[in-house]
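Read the numbers this way: they start at 1 and go in the same order the structure lists the ligands and their atoms.
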Amino acid sequence: MSNDQIILKHYRQVAQANGLAATCTMDDPFVRESETKFIEKEIERFIAERPDQLSFKLMDVGCGNGYLLSYLTARFPTLNCVGVEFTPELLELALSRNLEQAEFLAGDCRQPDFINGQFDIVITERVVINLLVHKQQFRALENIASKVLPGGIYLMVESFREPLAELNRARSEMSLELIEQSYQNRYLSEGHIKAMRRFGLDELPVMTPSNYLSSHFYITRVFHKAIRPSGGQVKFSRCSLFFRQALPPAIGNYSPILFRLFRKSKRAQASL
Ligand SMILES: C[S@@+](CC[C@H](N)C(=O)[O-])C[C@H]1O[C@@H](n2cnc3c(N)ncnc32)[C@H](O)[C@@H]1O
């Protein structure tokens with residue numbers, strides 16, 4: 001099976017099993033909610049810093065079933081959104097939302113011309129990790145960067161190898177088996193982030209810490225797994241919830257999913 005067939009088959013099944021649910025493509029509701037809040041806060045700041053601008057163009061690359069755009073369009077009346085999606089069954093779901101402020105298009109971010117025009121805000125939420133070939137990930141990041149307007153931002157929610165290695169070090173201390181990346185993923189590394197400058201994007205500090213999910217990952221993927229008795233609740237336990245509420249977020253580097261923000265310089269050419 002080719003890589004494209006692997007991805008298309010995986011997300012066809014995901015679409016059929018989950019429909020329009022927020023948990024479609026992300027079964028952990030706390031992770032989904034945290035990702036959404038990170039994106040919302042950064043958009044709020046971006047809009048607040050531009051009081052004279054009446055509308056903002058936003059693109060969600062690999063928009064899945066359109067959950068994020070349904071949330072963002074309800075929250076921000078000044079957004080004009082485009083969702084681009086590779087898997088036909090997920091695109092169908094997104095289209096079925098009939099959102100007034102969003103259009104949904106078929107597209108493949110590995111292609112330089114996957115969408116016309118440029119955007120104030122571009123988002124990927126666990127999408128570049130679905131490109132299973134290293135070179136294609138770089139090409140996609142370059143394409144995505146080229147779609148950001150000068151002065152615009154790219155909000156990246158992607159999974160990284162370095163924190164996965166740290167999470168696995170913590171697990172091996174507790175004699176837990178290592179977590180492997182799922183077959184449909186190829187995590188990014190800090191090398192990808194270095195390349196973003198070449199693509200005209202500078203990384204900026206984020207309002208929600210980049211490692212916000214770290215404590216959650218340590219509690220659910222290390223601590224809870226280590227203390228769970230045989231037959232105890234496997235996922236979403238009160239134990240995990242208790243410790244997440246009792247402890248501060250963003251401790252350590254145990255969450256593969258990181259929140260990152262990039263801005264294109266105002267001097268950058270309209271098209272790279
Ligand atoms: C983990 S899901 C995330 C979906 C959505 N961003 C969300 O948060 O629910 C990854 C998405 O990327 C899409 N995708 C995979 N390869 C793509 C490509 N080459 N171009 C655009 N989207 C792609 C998949 O179809 C899937 O919808």
Side-chain donor/acceptor pairs under 3.5 Å, residues 76-92, sequence neighbours excluded:
| from | atom 1 | to | atom 2 | distance (Å) |
| --- | --- | --- | --- | --- |
| Glu85 | OE1 | Cys63 | N | 3.3 |
| Glu85 | OE1 | Gly64 | N | 2.8 |
| Glu85 | OE2 | Thr87 | N | 2.8 |
| Glu85 | OE2 | Thr87 | OG1 | 3.4 |

ask   = Does Leu68 come within less than 4.0 angstrom of ligand 1, counting non-hydrogen atoms of the residue?
value = no
message = Parallel, tilted or perpendicular, judged at 30° and 60°: which one describes the rings of His192 and Phe138?
response = parallel
ask   = Of all the non-hydrogen atoms in the protein, which one sits nearest to atom 19 (N) of ligand 1, and at what distance?
value = Asp108 OD1, 2.8 Å
key: Closest protein heavy atom to atom 27 (O) of ligand 1, given as residue, atom name and distance to 0.1 Å   = Glu85 OE1, 2.8 Å
query = In terms of atom number and element, which parts of ligand 1 are under 4.0 angstrom from non-hydrogen atoms of Arg126?
reply = 1 (C), 2 (S), 3 (C), 8 (O), 10 (C)
inquiry  = Please determine whether any non-hydrogen atom of Arg32 lies less than 4.0 Å from an atom of ligand 1.
reply    = yes
query = What atoms of ligand 1 come within less than 4.0 Å of a heavy atom belonging to Arg110?
reply = 19 (N)
query = Does Leu90 come within less than 4.0 Å of ligand 1, judged by its heavy atoms?
reply = yes
ask   = Could you walk me through whether Phe38 and Phe259 pass the ring pair (Phe, Tyr, Trp, His ring centres under 6.0 Å) check?
value = CA-CA 7 Å; Phe38 155 67; Phe259 300 159; 4.7 Å; yes
note = ligand 1 to Thr87, heavy atom cutoff 4.0 Å, flagged ligand atoms 24 (C), 25 (O)
task = Using non-hydrogen atoms of the residue, decide whether Val84 is closer than 4.0 angstrom to ligand 1.
result = no
message = Assess the residue pair His216 and Tyr254 against the criterion (side-chain hydrogen bond (donor to acceptor under 3.5 Å, both in side chains)); give the C-alpha distance rounded to whole Å, side-chain angles, the decisive distance to 0.1 Å, and a yes or no.
response = CA-CA 8 Å; His216 175 67; Tyr254 299 108; over 6 Å; no
task = Can you sort out which atoms of ligand 1 are near Gly107, meaning under 4.0 Å from one of its heavy atoms?
result = 20 (N), 21 (C)
